[in-house]
Protein chains: 2
Amino acid sequence: MDKKIETCSCNIIHHEIVSEVSSKMPNEETLYDLAEFFKVFGDSTRIRIMCALFEHEMCVCDIAALLNMTQSAVSHQLRVLKQARLVKPRKEGKVVYYSLDDEHIKDIFKEGLEHISEGR
Amino acid sequence: MDKKIETCSCNIIHHEIVSEVSSKMPNEETLYDLAEFFKVFGDSTRIRIMCALFEHEMCVCDIAALLNMTQSAVSHQLRVLKQARLVKPRKEGKVVYYSLDDEHIKDIFKEGLEHISEGR
DNA sequence: ATAATATATGAACAAATATTCATATGTTCA
DNA sequence: TGAACATATGAATATTTGTTCATATATTAT
């Protein structure tokens, strides 16, 4: 029994394909989480932070200097990265050193860089 | 000769690391493009569209029905995906069929799904 | 040609988000 | 204890962005 589609004004052209694909789709929540995860990669400040941390563990102040940004802006973005479990902090006195906390980042970067290098 | 850092109010703690990392960073434009690319993955509608197209080439109307969204909203997002060279259209009469146009998508999805499945 | 259908697109609106500013927290050193 | 410093955070602002609505374009059928 098909669910009523209310928001699409056009006719469904290929019923079979739609229901077949529908049955194979991962659940909504997984796809939402996936989008949330990639959203973290979708900001150049965060990309630059992760890129920097590929080379070295760094403290907030170093990162701010490197990126020529305020300490506050960097701290806010580190929080986003930390919540996504992409970076982890290591406290040493007053100083907090951040490093990458995920082995997928490198591969994801690689794939992304390959894609953009294939662009015209 | 170090550039003057104006926007970081704190002292640079590790000059050497900052300049070493700085020299190894890819250029700004590349990192900006990378963020723009991942931004496309950072929306659940676009994620769902790509996910659907893993299974089948689909027309706009089918996708709209599948996702229970308006044709217009889907069309706008397909445009974004097309501009990012992630999907490609195939026109057949009135109907436009979209399919995936990039072999990296699968790997990127895989990495992302692995990451979120590792969560607590 | 005209009507019907599938898709695309521009403008407007609402929601999300990155940075700034001010300030709080926590640690070290005098 | 108090000053100095590194970092964190809440609120405000400005910008970006996703969806809707109205309408345009393109193709097919009558």
Side-chain angles (χ1 to χ4, degrees), chain A residues 5-14 17-18 31-32 35-49 57-84 87-99, chain B residues 5-14 17-18 31-32 35-49 57-84 87-99:
Chain A
I5 306 296
E6 311 204 7
T7 50
C8 178
S9 59
C10 38
N11 304 320
I12 300 175
I13 302 181
H14 310 89
I17 290 178
V18 171
L31 296 177
Y32 180 82
E36 287 301 302
F37 174 65
F38 288 128
K39 205 170 281 185
V40 179
F41 288 77
D43 174 81
S44 60
T45 295
R46 290 190 293 264
I47 285 284
R48 290 193 299 158
I49 291 174
E57 172 187 75
M58 289 180 92
C59 70
V60 180
C61 205
D62 285 353
I63 298 172
L66 174 70
L67 305 186
N68 200 38
M69 294 181 67
T70 64
Q71 172 270 320
S72 179
V74 170
S75 189
H76 277 295
Q77 296 307 333
L78 283 168
R79 187 165 163 276
V80 175
L81 290 164
K82 191 170 62 179
Q83 284 177 338
V87 304
K88 59 172 187 289
R90 177 178 70 83
K91 200 163 188 179
E92 196 172 286
K94 290 183 290 193
V95 183
V96 179
Y97 295 93
Y98 282 89
S99 59
Chain B
I5 307 294
E6 311 203 8
T7 50
C8 177
S9 60
C10 39
N11 304 318
I12 300 174
I13 303 182
H14 311 91
I17 290 179
V18 171
L31 296 178
Y32 179 82
E36 288 301 303
F37 174 65
F38 288 126
K39 203 169 284 183
V40 180
F41 287 78
D43 174 79
S44 60
T45 296
R46 290 189 294 262
I47 285 284
R48 291 192 298 158
I49 292 174
E57 171 188 76
M58 289 179 91
C59 70
V60 180
C61 206
D62 285 353
I63 299 172
L66 174 70
L67 305 186
N68 200 39
M69 294 181 66
T70 64
Q71 171 271 321
S72 179
V74 170
S75 188
H76 277 296
Q77 296 307 334
L78 283 168
R79 187 164 165 273
V80 174
L81 289 164
K82 191 171 61 180
Q83 283 177 340
V87 304
K88 58 173 187 288
R90 178 178 71 82
K91 199 165 186 176
E92 194 172 290
K94 290 183 288 194
V95 183
V96 180
Y97 294 93
Y98 281 89
S99 59

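Worth saying up front: this structure is predicted, and the values here are computed from it rather than measured.
The only option from B:Leu66, B:Ile63, B:Leu67 that meets the side-chain contact (heavy atoms from CB on, under 4.5 Å) definition with A:Val18 turns out to be B:Leu66.
Contact between the side-chain N/O atoms of A:Thr45 and the OP1/OP2 oxygens of C:dA18 is not found at any separation under 4.0 Å. Note on B:Tyr98: a side-chain N or O is less than 4.0 Å away from OP1 or OP2 of C:dA8. Dashed line: the shortest gap from a side-chain N or O of B:Ser75 to OP1 or OP2 of C:dT7 is not under 4.0 Å.
B:Gln71 has its CD atom 12 Å from the C1' atom of D:dT20, to the nearest Å. The CZ atom of B:Arg90 sits 19 Å away from the C1' atom of C:dA8 (whole-angstrom rounding). Rounded to whole Å, atom P of D:dT7 lies 16 Å from atom CG of A:Leu81. Per the geometry, CD belonging to A:Gln83 stands 12 Å off P belonging to D:dA8, to the nearest Å. For the pair B:Phe38 CZ and C:dA18 P, the interatomic distance rounds to 16 Å; values are reported in whole Å. With rounding to whole Å, A:Lys82 atom NZ is found 6 Å from D:dA8 atom P. With rounding to whole Å, A:Glu36 atom CD is found 14 Å from D:dT17 atom C1'. Between A:Arg46 atom CZ and C:dT17 atom C1' there is a gap of 8 Å when expressed in whole angstrom units.
Contact annotation: side chain of B:Thr70 to base of D:dC21, donor-acceptor pair absent below 3.5 Å.
A distance-only check finds a donor-acceptor pair linking the side chain of A:Arg46 to the backbone of A:Val40 [under 3.5 Å].
With distances taken from any side-chain atom of A:Gln77 to the nucleotides D:dA8, C:dT19, D:dT20, the minimum falls on C:dT19. Nearest nucleotide to the side chain of B:Ser72, out of C:dT20, D:dA22, D:dT7: D:dA22. For A:Lys94, whose side chain is taken as the heavy atoms from C-beta onward, the closest listed nucleotide among C:dT19, C:dT28, D:dA8 is C:dT28. Checking D:dT7, D:dT20, C:dC21 against every side-chain atom of B:His76, the shortest atom distance belongs to D:dT20. The side chain of B:Lys39 lies closest to D:dT17, out of D:dT17, D:dT7, C:dT20.
Taking the six-membered ring where tryptophan is involved, the planes of A:His14 and B:Tyr97 are tilted, since the angle between them lies from 30° to 60°.
For the pair A:Arg79 and B:Lys91, nearest-nucleotide mapping onto DNA chain D gives the more 5' position to A:Arg79.
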